[in-house]
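Here is the structure we will look at, set down as structure tokens.
Everything quoted here is computed from the prediction, not taken from an experiment.
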Amino acid sequence: MEQELEIARRIASNDKAAFRELFDKYQSEVLKLCYAMIRDKDDAEDITQEVFVEVFCSIGSYKGKSKLSTWIYRIAVNKSINFIRKQKIRRLFAGKEKRTLSNATSVGSDWTLRDQQYKEYLDKALSNLPEKQRTAFVLYMYEELPQKEIAAIMNCSISVVEVSIHRARKSIEKYIQSFDKELLK
């Protein structure tokens, strides 16, 4: 924890090498987290950049009460949630439904049609989850973070995280079952 405070202090004093070190250490993890939340590669990259701009600008507010990674993940989750909210508002006013899976072929290798349809269903299931459930589920299943750290990132209790993950799983399972039934037709 003291090492993290030292890195934060160096960044706050405009040490570009310290910021580069921090960026190199966390950039890919933040990008994966943002993509798991947003489900769009280009938007996730943009949000990742915003996260590190925010980290650089507000590193002076990091007090070391949580791990530095937890603090950074909290910023990434908040930026992702804000992006999702803005997208919903835009869709509402535009009256158009934006596809939740864009550039699918650039994210993964060649997918069979069924795999691509399944991924689209999973993306849709994730996007239909309430924010708290989606955040807890993504941090737990995709980022493989312990529930205690998820609770710190989400600023809630471990029991809220457990319930959110459980409800998210049930909702996704139900949604995926409808996909499987559709395939059997």
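Under the rule for a side chain to side chain contact (heavy atoms under 4.5 Å, CB included), the partners of N128 that lie at least two apart in sequence or sit in another chain are K124, Y175. With sequence neighbours left out, the side chain to side chain contact (heavy atoms under 4.5 Å, CB included) criterion links K170 to H166, E173. Residues meeting the ring-ring contact (aromatic ring centres under 6.0 Å, His included) test with F19, sequence neighbours left out: F56.
Between the CD1 atom of I38 and the OG1 atom of T48 there is a distance of 9.5 Å, given to the nearest 0.5 Å. Considering SG of C34 and NZ of K41, their distance stands at 14.0 Å, rounded to 0.5 Å. Separating the CD atom in E162 from the SG atom in C156 is a distance of 10.5 Å, to the nearest 0.5 Å. Distance CD1/I84 to CD/Q87: 9.0 Å, rounded to 0.5 Å. Rounding to the nearest 0.5 Å places CZ of R9 at 11.0 Å from CD of E2. Here L126 contributes atom CG and S171 contributes atom OG; the two are 10.5 Å apart, rounded to the nearest 0.5 Å.
Contact check for S127 versus R39: no side-chain heavy atoms found under the 4.5 Å cut-off. Side-chain atoms of V160 and K132, non-hydrogen and from C-beta on, do get closer than 4.5 Å to each other. Side-chain contact between L33 and E29 is absent, with no heavy atoms from C-beta onward closer than 4.5 Å. With contacts defined as side-chain heavy-atom distances shorter than 4.5 Å, the pair I47/L31 does not qualify. Here the side chains of R167 and L129 are not in contact, with every heavy-atom distance at 4.5 Å or above. Taking 4.5 Å as the limit, every side-chain heavy atom of E50 sits out of range of all side-chain heavy atoms of F83.
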Side chain to side chain contact (heavy atoms under 4.5 Å, CB included) between Y73 and L145, intermediate numbers included:
CA-CA 11 Å; Y73 283 156; L145 295 177; 3.7 Å; yes
Is there a salt bridge (charged side-chain N to carboxylate O under 4.0 Å, His left out) between R134 and E131? Walk through the geometry before answering.
CA-CA 5 Å; R134 180 182 329 145; E131 286 175 11; over 6 Å; no
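No single ILVMFWY cluster, assembled from side-chain heavy atoms under 4.5 Å apart, contains both V163 and I165. Under a hydrophobic-cluster definition in which Ile, Leu, Val, Met, Phe, Trp and Tyr are linked whenever side-chain heavy atoms come within less than 4.5 Å, directly or via other members, V55 and V53 are assigned to different clusters. Under the 4.5 Å side-chain heavy-atom criterion for grouping Ile, Leu, Val, Met, Phe, Trp and Tyr, L139 is not connected to I158 through any hydrophobic cluster.
Sorted by first then second residue, the ring pair (Phe, Tyr, Trp, His ring centres under 6.0 Å) pairs that include residues 126-153, not counting sequence neighbours, number zero. Note on residues 17-28: no pairs pass side chain to side chain donor-acceptor pair (under 3.5 Å), not counting sequence neighbours.
Nearest approach of R10 to A17, heavy atoms of both residues: NH2-C, 4.5 Å. When all heavy atoms are compared, the tightest approach of E4 to Y62 is OE1-OH, 3.3 Å. Of all non-hydrogen atoms in S58 and W71, the two that sit nearest each other are O-CZ2, 3.5 Å.
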Between side-chain atoms of residues 74-81 and protein atoms elsewhere (two or more places apart, or another chain), which donor-acceptor pairs fall under 3.5 Å?
residue : atom : partner : partner atom : Å
R74     : NE   : A152    : O            : 3.2
R74     : NE   : I153    : O            : 3.1
R74     : NH2  : A152    : O            : 2.3
N78     : ND2  : R74     : O            : 3.3
K79     : NZ   : E54     : OE1          : 3.4
S80     : OG   : A76     : O            : 2.9

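With 3.5 Å as the limit, one finds a donor-acceptor pair spanning the side chains of E149 and T70.
In this structure a side-chain-to-backbone donor-acceptor pair under 3.5 Å is missing from Q133 to S164.
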